[in-house]
Amino acid sequence: MSILYDEGQQAIATESRRVLDARTDKARLLGLLEQVGAYDETFWQTAVEQGWTALALPEAHGGLDLSLVELGLVAQATGAATAGAPFLTGGYGAAMAILHGNDEGAKGDWLAKLANGEATGCTAFAEGSSPLPTVPAVRFDGGALHGTKPAVPGGLKADVAVVWASLGARPVLVAADLSAAKREAVNSFDNARLYADLVFDGTPAQMLVQGEDAAALARDVLARMAVVTAHEQVGGAEALLHIARDYAVTRKAFGQPIGAFQSIKHRIAELYGLVEIARANCIHAAAQEGQPGFALAAADARLSAIEAYDTAARDCVQVHGGIGVTWETGLHLHMRRARSLAIEQGNALFWEDWLVDELVKGDAA
Amino acid sequence: MSDLDAYRAKARAWLESQAAEFGREARRGLSVEDDLALGRRYQRAKYDAGYTGINWPVEVGGQGLGHLEKVTFDAEEMQFGMPNVYFGISLGMPVPILIRFCEDKPWMKERVIAALKGEEIWCQLFSEPSGGSDLAALRTRAETDGNGWKMNGQKVWTSWAQYCDYGVIVVRTDPTVPKHKGLTYFWVDMKAPGVEVRPIKLAGGDSHVNEVFFDDVRLEDSQRMSPVGGGFAVALATLMIERYVATDSAGFGPHLDLFVETARDVEFNGRPAIEDGRVRSAIARNHAMRAGLDSITRRAMLMMQAGMPPGPEGSLQKLVAVRSRQKLSELGLDLQGNMGLAFDPHAFVKENWGTSWLNAPTGRIAGGSDEVLLNTIAEKILGLPQDHRPDKGVPFNQIPA
């Protein structure tokens with residue numbers, strides 16, 4: 001696929017940005033931070049109405065048959081607005097796992113509902129500090145799950161989770177209807193992400209795939225979700241770049257706009273570099289979907305997007321001085337989201353290892 | 001295959017046919033003089049094969065093709081380590097300016113063809129001891145002298161001046177007006193009486209840059225290539241030529257593969273360094289950065305192919321790539337422990353951490369320092385204000401020295 005956006009893709013970018021600008025309300029988002037169990041329902045209704053849940057799913061299952069490119073553009077708009085329920089990425093990941101798994105029943109049960117927004121989805125791969133443990137402690141036994149997945153994004157409200165578990169000594173991916181699972185809300189610095197411990201105690205689940213195929217699919221799904229999240233991070237980082245720029249040209253000190261001081265203008269110019277490099281990697285990765293280089297491209301996108309959003313969050317606050325650290329100014333919405341997105345889908349340490357493994361595996365002696 | 005792919009394939013085949021005679025291996029161990037002589041022969045072979053002046057008009061000896069073909073050829077050529085460095089500036093800036101601004105067209109065409117063949121080389125005489133980044137602060141002056149001009153002063157950092165036949169130069173012709181307004185642009189004969197070139201040995205050991213002194217050097221008015229007082233605009237035009245030249249996300253240093261290879265070859269704490277988290281982190285971050293720059297380049301090429309101007313993000317390339325090459329080269333040496341202390345000053349920068357490291361500072365300064373590039377991004381792309389400039393609007397001769 002080309003790395004130049006076509007007209008349809010540009011229209012999705014513009015339209016999603018426009019809709020979110022009109023419907024995002026900083027006060028509402030700030031309010032969500034101090035509540036456990038609440039999320040941005042306005043955003044989610046918008047996502048469903050606009051068909052964003054269906055974008056990257058196949059037509060045969062009620063989707064729009066578009067790709068990671070289009071979903072990425074929506075995620076970028078979402079990131080810019082710090083909007084978002086965790087289901088945009090999590091639901092896509094769950095759907096991809098179910099779609100590429102072998103259980104036809106699970107496809108019938110969930111894909112159309114995930115596409116039309118009737119159901120919400122999440123993925124539960126991580127355990128402890130590991131985003132994708134080699135031998136997961138959660139067990140799948142006799143058609144049911146046992147064990148706990150910690151702080152699953154979207155876990156508090158999602159209808160279905162795709163869970164990375166062990167069947168004997170082999171890994172499996174299974175789909176679990178969460179109405180039969182116990183959820184314990186996690187009070188987080190970014191509560192709108194609906195983090196919850198999923199506690200399985202004989203929760204029935206459908207096996208999608210097992211063994212090496214499960215490991216390969218889990219990695220592919222994680223890479224896809226990482227590319228969506230990377231777009232979201234780029235959207236957030238770019239928004240912060242513009243906020244910092246706008247402040248630097250209006251705020252005056254020592255008789256001139258603070259943006260005339262190189263300590264400020266160079267900081268902002270550096271952000272531009274980080275944002276454009278991450279954006280270029282995102283565009284490349286999305287276009288590589290399904291190609292041999294996708295896993296490497298996803299890692300490039302993920303690492304550069306983490307760096308861009310983290311740095312933009314730090315530096316944008318710094319450019320603002322005191323006003324930047326107030327609750328009301330709300331830059332901490334981005335600061336918090338930069339951190340939560342840096343951890344969801346695996347932290348930078350995980351992706352650095354992933355990238356080097358991909359790099360050396362091709363020419364392993 | 002698209003036309004451009006076909007062009008690339010043909011260019012590559014030609015380059016491969018020349019590599020044994022002119023490529024990296026053929027150049028290993030040559031003195032600068034011998035390498036330059038080889039370079040002149042290579043330039044002539046390029047001319048004969050139709051790979052010089054690729055995007056210049058046919059009327060002046062060019063191939064009449066597009067910018068894309070030029071960048072495509074350059075990107076392919078870069079992989080062979082051909083001896084083209086002596087002609088890069090000559091054909092990159094002075095000669096295109098000559099084509100555009102020289103009034104004497106037959107003389108111009110003669111010079112252009114000689115330059116394309118590698119018979120003559122042009123330099124660019126801009127920087128001075130009193131101004132590098134601040135070009136308009138230059139002090140070399142030309143005064144009217146009969147029907148021509150008399151020039152006195154000094155330029156510095158002039159690449160390859162010791163081998164050059166001609167140069168383009170910007171000088172002060174009126175010190176009583178603000179600094180940008182009193183400049184005029186000329187071409188100069190580097191063999192003229194009163195021109196003295198003194199090579200400067202750089203930290204890395206080579207002497208490709210020079211000081212150039214002018215002592216009562218005679219310039220005819222026909223050598224003037226701008227209106228009197230209109231030199232700064234032509235100087236800017238010189239610097240703006242080809243914003244999208246062939247780039248290198250390795251910052252003109254070694255490819256990341258060489259680092260990975262080094263990390264696999266050496267041990268750290270009894271294990272291959274490639275298994276060390278700090279080394280892995282450096283590899284991963286450099287890979288992500290370079291992949292981003294490569295993607296920016298590919299997108300720029302596609303946009304140009306589609307007839308659209310490429311985005312401004314191309315201006316990040318040198319800034320980001322060269323300074324990260326500097327740090328990666330340090331680590332490349334560190335990785336080898338005491339073995340990293342051995343140094344071959346003649347090793348190719350693209351193949352060796354030592355020369356890459358020692359020459360990296362030049363890359364971060366020449367052609368726009370990191371700081372100037374950051375200012376350009378901040379001001380031209382992001383709309384941030386200019387720095388405070390106390391000399392703005394002040395007549396040049398009243399600016400405190």
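In what follows, every chain begins at residue 1, and chains take the letters A, B, ... in the order their sequences are listed. Scope of the values below: all heavy atoms of this structure, side chains included, with no hydrogens, waters or symmetry mates. Only a predicted model underlies this, so the values are computations on that prediction, with no experimental measurement involved.
Taken from CZ in Arg314(A) to CG in Leu240(A), the straight-line distance is 11.5 Å, to the nearest 0.5 Å. Taking CG of Asp5(B) as the reference point, atom CZ of Arg12(B) lies at 13.0 Å (rounded to 0.5 Å). To the nearest 0.5 Å, atom NZ of residue Lys179(B) and atom CD1 of residue Ile399(B) are 6.0 Å apart.
Proximity to chain B involves both the backbone and the side chain of Ile268(A), based on heavy atoms less than 4.5 angstrom apart. Heavy-atom distances place the side chain of Leu355(A), and not its backbone, under 4.5 Å from chain B. For a residue to count as touching a neighbouring chain, one of its non-hydrogen atoms must lie under 4.5 Å from one of that chain's; by this rule Arg290(B) does not touch chain A. Residue Leu302(B) touches chain A through both its backbone and its side chain, counting heavy-atom pairs closer than 4.5 Å. If you measure heavy-atom distances from Leu274(A) to chain B, you find no contacts under 4.5 Å at all. Glu270(A) touches chain B through backbone and side chain together, each having a heavy atom under 4.5 Å away. With a threshold of 4.5 angstrom between heavy atoms, Asp370(B) does not approach chain A through any atom at all. For a residue to count as touching a neighbouring chain, one of its non-hydrogen atoms must lie under 4.5 Å from one of that chain's; by this rule Glu379(B) touches chain A with the side chain only. For Gln256(A), the part sitting under 4.5 Å from any heavy atom of chain B is the side chain, from C-beta outward, and nothing else. In this structure, chain A has heavy atoms under 4.5 Å from both the backbone and the side chain of Met303(B).
With contacts defined as side-chain heavy-atom distances shorter than 4.5 Å, the pair Asp387(B)/Lys265(A) qualifies. A 4.5 Å side-chain heavy-atom check between Leu341(A) and Tyr309(A) finds at least one atom pair inside the cut-off. Counting heavy atoms from C-beta on, the side chains of Glu16(B) and Phe80(B) come closer than 4.5 Å.
Under a 4.0 Å N-O distance rule, the pair Glu261(B)/Arg264(B) does not qualify as a salt bridge. Using a 4.0 Å cut-off between charged side-chain N and carboxylate O, Arg279(A) and Glu313(B) make no salt bridge. In summary, Arg17(A) and Asp21(A) do not engage in a salt bridge, as defined by a charged side-chain N under 4.0 Å from a carboxylate O.
Of all the listed residues (Leu373(B), Leu384(B), Asp294(B)), the one sharing the greatest number of non-hydrogen pairs under 4.5 Å with chain A is Leu384(B). Contact tally against chain B (heavy-atom pairs below 4.5 Å) for Trp351(A), Phe261(A), Tyr272(A), Trp354(A): the top residue is Tyr272(A). Note on Ala299(A), Ala301(A), Ala280(A), Ala248(A): by heavy-atom pairs under 4.5 Å with chain B, the leading option is Ala280(A). Looking only at heavy-atom pairs under 4.5 Å with chain A, the residue among Thr376(B), Asp257(B), Leu374(B), Leu293(B) that has the most is Leu374(B). For the set Arg298(B), Gln386(B), His287(B), Arg299(B), the entry with the most heavy-atom pairs within less than 4.5 Å of chain A is His287(B). Here Leu296(A) is the residue among Leu296(A), Leu241(A), Val275(A), Ile264(A) with the most heavy-atom pairs under 4.5 Å with chain B.
Ring geometry for His320(A) against Tyr247(A) counts as parallel: the plane angle stays under 30°, on a 0 to 90° scale with 60° as the upper cut.
Other residues, nucleotides and ligands contribute over 12 non-hydrogen atoms within 6.0 Å of the CE atom of Met289(B). Within a 6.0 Å sphere centred on NZ of Lys181(B), other residues, nucleotides and ligands contribute 12 heavy atoms or fewer.
Gln233(A) and Arg302(A) are linked by a side-chain donor-acceptor pair at a separation below 3.5 angstrom, with hydrogens and angles left out of the test. Counting only N and O atoms by type, the side chains of Thr262(B) and Gln336(B) include no donor and acceptor under 3.5 Å apart. Remark: the Glu232(A) side chain and the Thr229(A) side chain contain no N/O donor-acceptor pair separated by less than 3.5 Å.
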How far apart are the C-alpha atoms of Leu73(A) and His231(A), what are their side-chain angles, what is the distance that settles it, and do they pass the side chain to side chain contact (heavy atoms under 4.5 Å, CB included) test?
CA-CA 7 Å; Leu73(A) 286 168; His231(A) 280 85; 5.5 Å; no
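Taking 4.5 Å as the heavy-atom cut-off, the residues of residues 319-328 of chain B that approach chain A are Val320(B), Arg323(B), ordered by number. Heavy-atom neighbours of chain A within the stretch residues 267-280 of chain B, taken at a separation under 4.5 angstrom, comprise Ile274(B), Arg280(B).
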